[in-house]
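Order of the sequence lines sets the chain letters (A, B, ...), proteins ahead of strands, with each chain counted from 1.
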Number of protein chains: 2
Amino acid sequence: MRRIASDRDGLLAMIGEVFREHGYEGASLALIGAATGLGKGSLYHFFPGGKEEMAGAVIAHIDGWFEDNVFAPLRDSADPRAGIGQMLEATDSYFRSGRRVCLIGAFALEESRDLFAGQIKDYFGRWVRHLADALARSGHTEAEAAELAEDAVASIQGALTLARAAADASVFSRALRRLRMRFGLPTDSEPLAAR
Amino acid sequence: MRRIASDRDGLLAMIGEVFREHGYEGASLALIGAATGLGKGSLYHFFPGGKEEMAGAVIAHIDGWFEDNVFAPLRDSADPRAGIGQMLEATDSYFRSGRRVCLIGAFALEESRDLFAGQIKDYFGRWVRHLADALARSGHTEAEAAELAEDAVASIQGALTLARAAADASVFSRALRRLRMRFGLPTDSEPLAAR
DNA sequence: GACTCATTGTACCGTTCGGTACAATACTCC
DNA sequence: GGAGTATTGTACCGAACGGTACAATGAGTC
């Protein structure tokens, strides 16, 4: 059988989509093998720890992407407001404007949460903290910033759930637009039921 | 073996907790049997359609509870603002102030969503719609009400995810408090990092 | 007591699960 | 070409999966 995934990044991305689509329990090795074009021999060669190691590596891979594309702008941007805008754009892009679901959020709800509790807590904790820092630097009090940040990350997660439930990605787009408005950033999309 | 669940409501509640805790895939008949004290013979007697029928019945059961305790106040309360307050109280009570997770939200993210897509879409759709109606009756424009309602339900769902991820139920309490403030309702709990 | 029907425990079915063993093949460097 | 390592396909394992069959038991009615 031909090897489809040519590098570890691509391989993790493929496996990640299987976990994202089927959850930890639902992602069988047969599905992972079909999605990657790899047999069990190869999979266990790259991930001797089996399914659990695969999922852990996928979470770390996603975490790394968010670190580079979502958290870094929040942390490093000279203009904190611009950093927040970049965060929202990266978020929109990652979740394909609501057509993709948050794997780490889904893992947080299943029983798999126990296996990856540390990684999951860390991911969301850093998101909220970096956003709160950026908000504080842009003029909000510490308390305001903490509340706003927690609310924003929760809104994003909830909007992903609702968008999936309604099979309507625009739910997610509207949520992001509301966040832009709340943070005083320019918006271009239309509000719901505008006339 | 002694029958623990004495009526269908209690039985559905027990099965529901297994699905809530383990997800659709993770909730094995062995777990359900252990939680209810019923063997396969009994389970398939009450639910000839097997696991899928059980999950469907659990969703319908939860949906009915929300209809009576969450949607009804929104729909029927003479004072729409009071109805919204009742909704938030019932929600807080149902999710045990963030220690419980939303089974229907979790199902929306897994592959089980395909099996129950109609029920899931209906549940969230009615929640948003009834809340939007109440907000419109309390003076908001239709467009404002729709945005506020969608944002509120998303915030609740997202806060449940974050609370579970952080293993910190207070995340959910703070989200509900912010919603009360946003809707101009009295709050009694403390804000985050208040001094 | 006899009939009825709901409820239950148990044995069993074929399938799939995650995981292991291992020999065969490909690749790399000398 | 040969040695050594990386990768792969395949056969197999025991356990657990969802589901079925069915006889035994329970409770209520006449």
Side-chain angles (χ1 to χ4, degrees), chain A residues 1-59 103 106-107 110-116 119, chain B residues 1-59 61 103 106-107 110-116:
Chain A
M1 189 177 292
R2 199 174 66 85
R3 166 103 178 258
I4 298 176
S6 55
D7 53 16
R8 184 176 170 92
D9 264 18
L11 181 56
L12 284 176
M14 286 175 173
I15 298 176
E17 289 311 309
V18 181
F19 279 119
R20 189 192 310 278
E21 204 63 21
H22 298 89
Y24 183 73
E25 301 289 326
S28 67
L29 291 180
L31 283 172
I32 294 172
T36 57
L38 296 179
K40 288 188 182 186
S42 307
L43 288 173
Y44 274 83
H45 174 71
F46 293 120
F47 305 98
K51 193 173 167 178
E52 185 173 337
E53 183 180 344
M54 293 180 211
V58 163
I59 296 177
L103 183 151
F107 275 21
E110 293 189 47
E111 66 178 333
S112 54
R113 99 192 72 91
D114 300 323
L115 285 174
F116 311 106
Q119 287 177 280
Chain B
M1 192 177 290
R2 198 173 67 83
R3 167 105 177 256
I4 297 176
S6 55
D7 52 16
R8 185 177 168 89
D9 264 19
L11 182 56
L12 284 176
M14 286 174 172
I15 298 176
E17 290 309 311
V18 181
F19 279 118
R20 188 192 309 279
E21 204 64 20
H22 298 89
Y24 182 73
E25 301 289 326
S28 67
L29 292 180
L31 282 171
I32 294 171
T36 58
L38 296 179
K40 288 188 181 185
S42 306
L43 288 173
Y44 274 83
H45 173 72
F46 294 120
F47 306 97
K51 192 173 167 178
E52 184 173 338
E53 183 180 344
M54 294 179 210
V58 162
I59 295 177
H61 185 244
L103 184 151
F107 276 21
E110 292 189 47
E111 65 178 333
S112 54
R113 99 191 73 92
D114 300 323
L115 286 173
F116 311 107

Q. Stepwise, does the side-chain contact (heavy atoms from CB on, under 4.5 Å) test hold for A/T36 with A/F46?
A. CA-CA 12 Å; A/T36 57; A/F46 293 120; over 6 Å; no
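- Residues A/M54 and A/L29 meet the side-chain proximity criterion, which asks for heavy atoms closer than 4.5 Å.
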(Q) So if I define the base as every atom that isn't primed, P, OP1 or OP2, how would nucleotides 14-19 of chain C read as a B/S/- string at a heavy-atom cutoff under 4.0 Å? (A) ---SBB
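- For the pair A/V58 and A/G16, the tightest heavy-atom approach, listed with the atom from each and the gap, is CG1-CA, 3.6 Å.
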Restricting to nitrogen or oxygen on both sides, can you table the protein-nucleotides 22-29 of chain D pairs closer than 3.5 Å?
none

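- Rounded to an integer number of Å, the gap from CD1 of B/I32 to P of D/dG18 is 7 Å.
- Here the C1' atom of nucleotide C/dT7 and the CG atom of B/D7 are 16 Å apart, to the nearest Å.
- Here A/H45 reaches the OP1 or OP2 of D/dT7: one of its side-chain N or O atoms lies under 4.0 Å away.
- The two atoms that bring B/G50 and B/Y44 nearest to each other are CA-CE2, 3.5 Å, heavy atoms only.
- Note on ring orientation: taking the six-membered ring where Trp is involved, the planes of A/Y24 and A/F107 are perpendicular (angle over 60°, cut-offs 30° and 60°).
- When rounded to the nearest whole Å, the span between CG of B/L43 and P of C/dT7 equals 13 Å.
- Under the 4.0 Å criterion applied to side-chain N and carboxylate O atoms, B/E21 and A/R113 are assigned as salt-bridge partners.
- Nucleotide D/dG9 holds its P atom 8 Å from the CG atom of A/L38, rounded to whole Å.
- The nearest pair of heavy atoms linking A/A57 to A/R8 is CB-NH2, 3.9 Å.
- Nearest heavy atoms, A/R20 versus A/L103: N-CD1, 3.6 Å.
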